[in-house]
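The structure appears right after this line, and notes come after that.
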Amino acid sequence: MPSTPDPSAVKAALKAQVIETPSWGYGNSGTRFKVFAQPGVPRDPYEKLDDAAKVHEFTGVAPLVSLHIPWDTVEDYGKLAEYAAERGLTLGAINSNTFQDEDYKLGSVTHPDPAVRRKATDHLLACVDIMDATGSRDLKLWFADGTNYPGQDDIAARQDRLAEALAEVYERLGDDQRLLLEYKFFEPAFYTTDVPDWGTSYAHCLKLGPKAKVVVDTGHHAPGTNIEFIVAFLLREKKLGAFDFNSRFYADDDLMVGAADPFQLFRIMHEVIKNGGLEAANGVNFMLDQCHNIEAKIPAVIRSVMNVQEATAKGLLVDGGALHAAQRGGDVLAANAVLMDAYNTDVRPLLAEVRGEMGLDPDPMAAYGACGWQERIVAERVGGQQAGWGA
């Protein structure tokens, strides 16, 4: 590894970066307590794609858009994929929803009632059908399943039920499709959660096979958790499938990525880069998963993409040769200084240069503000049911 990062290689990596944005990030969304509606938000999945196209237009690195079912249900998914392609987009991960139906009060795929489990598994299989229609590669699963009280259900039996459902869905996947299993250590189940941590997700994915990968949601960890260790371990095992990027101050806050702890985001991206996570062959999906409750939707997504870009740029500027030499020599302070030098570098001029070379405005936020799109959608998107959280 060269002792000084090659500027042309750094630029090439930044130009090749792909960040996936969530359809639900463009609609009305927010906390569990209140959703503050905003004027001009999308009224259907097509308008969500229109907004996503603007993010890609000004950042140049956000061509993928995740869908959430049933929030993004349409009659013709092939038509939706064509609509996306016409706007320079590709439909990305299909996210299932087994947490908003009345039947799922005691769980979905781990529910004690086999009829409810069947209903939940059928929904997951239907999501694979949607993947076939859209050409999507990834099925992303997050389960709210768990218990609130000791003795409420059999902990081990719920793992058996989970494994059974995952195996059936895995068997349904096509050759080029993947199952991505997310984890969350609490909420809405507070005594036990059926997929509470990366180890549980990893164990199930390992048993399922090579098409099953772990999703790391950066907000789904206890305070003080070393997320970059998890990332490095999963990359080493070739089991890191995707990120859900967001920020947390306390728990699953779903704030803009890099807002709460930009140094953590840098540390994560350093491990991603060092362990091959940016290489297309490793298939790591870098997706935003955020709820823009009080901030304007499209500018918040643009700013989030820029935050990931900045952390990536700093990670690419780490002097790998100097770091390796300090580590081998046991020089603790020198090794730490290498990382800190990269982190403390102002990469905004570099990214402005990269954007200029890509034919983009060096300042995506200002460019969007001046383009008139926000004023247009506020004026045009009046009436109808807005497509927001839980829609």
Side-chain angles (χ1 to χ4, degrees), residues 7 10-29 38-43 45-66 83-92 245-247 255-259 262 265-266 269 286-317 345-381:
V10 170
K11 286 185 176 182
L14 291 170
K15 292 174 183 177
Q17 187 170 29
V18 174
I19 299 168
E20 185 163 339
T21 68
S23 68
W24 55 96
Y26 299 101
N28 282 325
S29 59
Q38 297 184 18
V41 299
R43 295 165 295 184
Y46 291 93
E47 290 182 346
K48 292 178 180 179
L49 292 176
D50 290 337
D51 289 354
K54 285 297 172 183
V55 173
H56 183 45
E57 176 183 340
F58 292 110
T59 65
V61 296
L64 294 176
V65 183
S66 294
Y83 190 87
E86 291 168 358
R87 282 146 186 80
L89 303 173
T90 301
L91 297 182
F245 277 134
N246 54 62
S247 276
L255 301 175
M256 289 168 50
V257 59
L265 182 59
F266 160 75
M269 291 310 301
F286 299 90
M287 198 199 82
L288 306 178
D289 181 17
Q290 304 170 168
C291 285
H292 305 296
N293 193 28
I294 58 175
E295 62 270 27
K297 311 294 181 179
I298 300 173
V301 178
I302 292 174
R303 180 67 259 180
S304 299
V305 171
M306 293 172 67
N307 287 350
V308 176
Q309 288 181 296
E310 289 176 14
T312 304
K314 292 182 178 186
L316 289 166
L317 292 178
T345 302
D346 184 356
V347 296
R348 290 174 297 177
L350 169 63
L351 284 165
E353 188 176 334
V354 167
R355 293 182 186 112
E357 293 176 2
M358 295 173 68
L360 304 172
D361 191 291
D363 187 344
M365 290 289 284
Y368 174 74
C371 78
W373 182 255
Q374 192 68 38
E375 294 78 10
R376 174 181 168 182
I377 60 178
V378 168
E380 292 182 354
R381 294 176 184 174

Inset, instruction - Spell out, as yes or no, whether a donor-acceptor pair under 3.5 Å connects the side chain of Asn28 to the backbone of Val41. - result: no
Inset, instruction - Would you check if Leu89 and His56 make a side-chain contact, meaning some heavy-atom pair closer than 4.5 Å? - result: yes
Legend entry - Approximate separation, where rounding is to 0.5 Å, of Phe266 CZ and Asn307 CG: 15.0 Å
Legend entry - Interatomic spacing from CD1 in Ile298 to CZ in Phe58 - rounded to 0.5 Å: 9.5 Å
Legend entry - Whether Ser29 side chain and Gly25 backbone form a donor-acceptor pair below 3.5 Å: no
Legend entry - Asp361 side, atom CG; Thr59 side, atom OG1 - distance, nearest 0.5 Å: 12.0 Å
Legend entry - Residue pair Trp373 / Asp50, side-chain donor-acceptor N/O under 3.5 Å: no
Legend entry - Validation row: Pro42, Asp51 side chains within 4.5 angstrom (heavy atoms): yes
Inset, instruction - Might you point out which heavy atoms bring Gln290 and Ser304 nearest each other, and give the distance in Å? - result: NE2-OG, 2.9 Å
Legend entry - Non-hydrogen side-chain atoms of Met269 and Phe286 separated by less than 4.5 Å: yes
Legend entry - Step-by-step side chain to side chain contact (heavy atoms under 4.5 Å, CB included) determination, Lys15 to Val354: CA-CA 7 Å; Lys15 292 174 183 177; Val354 167; 3.7 Å; yes
Inset, instruction - Return the minimal non-hydrogen interatomic distance between Leu49 and Ala84, and the atom names on each side. - result: CD1-CB, 3.9 Å
Legend entry - Polar side-chain atom of Asp363 near backbone of Ala366 as donor-acceptor pair, under 3.5 Å: yes
Inset, instruction - List the atom of Thr21, the atom of Ala62, and the distance in Å for their closest heavy-atom pair. - result: CG2-CB, 4.0 Å
Inset, instruction - Say whether, by atom type as modelled, one donor and one acceptor occur between the side chain of Ser247 and the main chain of Leu255 under 3.5 angstrom. - result: no
Legend entry - Between Tyr368 and Gln374, a side-chain donor and acceptor under 3.5 Å: yes
Inset, instruction - Before accepting this row, confirm whether a basic side-chain N of the pair Arg348/Glu310 lies closer than 4.0 Å to the acidic partner's carboxylate O. - result: no
Inset, instruction - Please test Met287 against Leu64 for side chain to side chain contact (heavy atoms under 4.5 Å, CB included), starting from the C-alpha separation and ending with a verdict. - result: CA-CA 9 Å; Met287 198 199 82; Leu64 294 176; over 6 Å; no
Legend entry - Salt bridge Arg303-Glu295, side-chain N to carboxylate O under 4.0 Å: no
Inset, instruction - May I ask you to check whether Gln309 and Arg355 show a side-chain donor-acceptor distance below 3.5 Å? - result: yes
Inset, instruction - For the residue pair Glu57 and Leu360, establish whether any side-chain heavy-atom pair is separated by less than 4.5 Å. - result: no
Inset, instruction - Would you name the heavy atoms of Pro262 and Gly258 that are closest together and state the gap between them? - result: CD-O, 3.4 Å
Inset, instruction - Keeping the roles fixed (side chain from His292, backbone from Lys297), state whether a donor-acceptor pair exists under 3.5 Å. - result: no
Legend entry - Spacing of Leu350 atom CG and Lys11 atom NZ [to the nearest 0.5 Å]: 7.0 Å
Inset, instruction - Examine distances only and state if a side-chain atom of Ser23 and a backbone atom of Ser66 form a donor-acceptor pair shorter than 3.5 Å. - result: yes
Inset, instruction - May I ask you to decide if Pro349's main-chain N or O and Glu353's side chain share a donor-acceptor pair within less than 3.5 Å? - result: no
Inset, instruction - Say whether, by atom type as modelled, one donor and one acceptor occur between the side chain of Asp289 and the main chain of Phe245 under 3.5 angstrom. - result: no
Inset, instruction - Taking all heavy atoms of Val347 and all of Lys314, pick out the closest pair and write down the distance. - result: CG1-CG, 3.6 Å
Legend entry - Non-hydrogen side-chain atoms of Thr90 and Pro63 separated by less than 4.5 Å: no
Inset, instruction - Please confirm whether the backbone N or O of Met256 pairs with a side-chain atom of Asn246, one donor and one acceptor, at under 3.5 Å? - result: no
Inset, instruction - Check each of Val55, Leu14, Val18, Val305 against Val61 using the side-chain contact (heavy atoms from CB on, under 4.5 Å) test, and report the only one that passes. - result: Val305
Legend entry - Heavy-atom pair of closest approach, residues Leu316 and Ala13: CD1-CB, 3.7 Å
Inset, instruction - Please work out whether the ring planes of Tyr83 and Tyr46 are parallel, tilted or perpendicular, with thresholds of 30° and 60°. - result: perpendicular
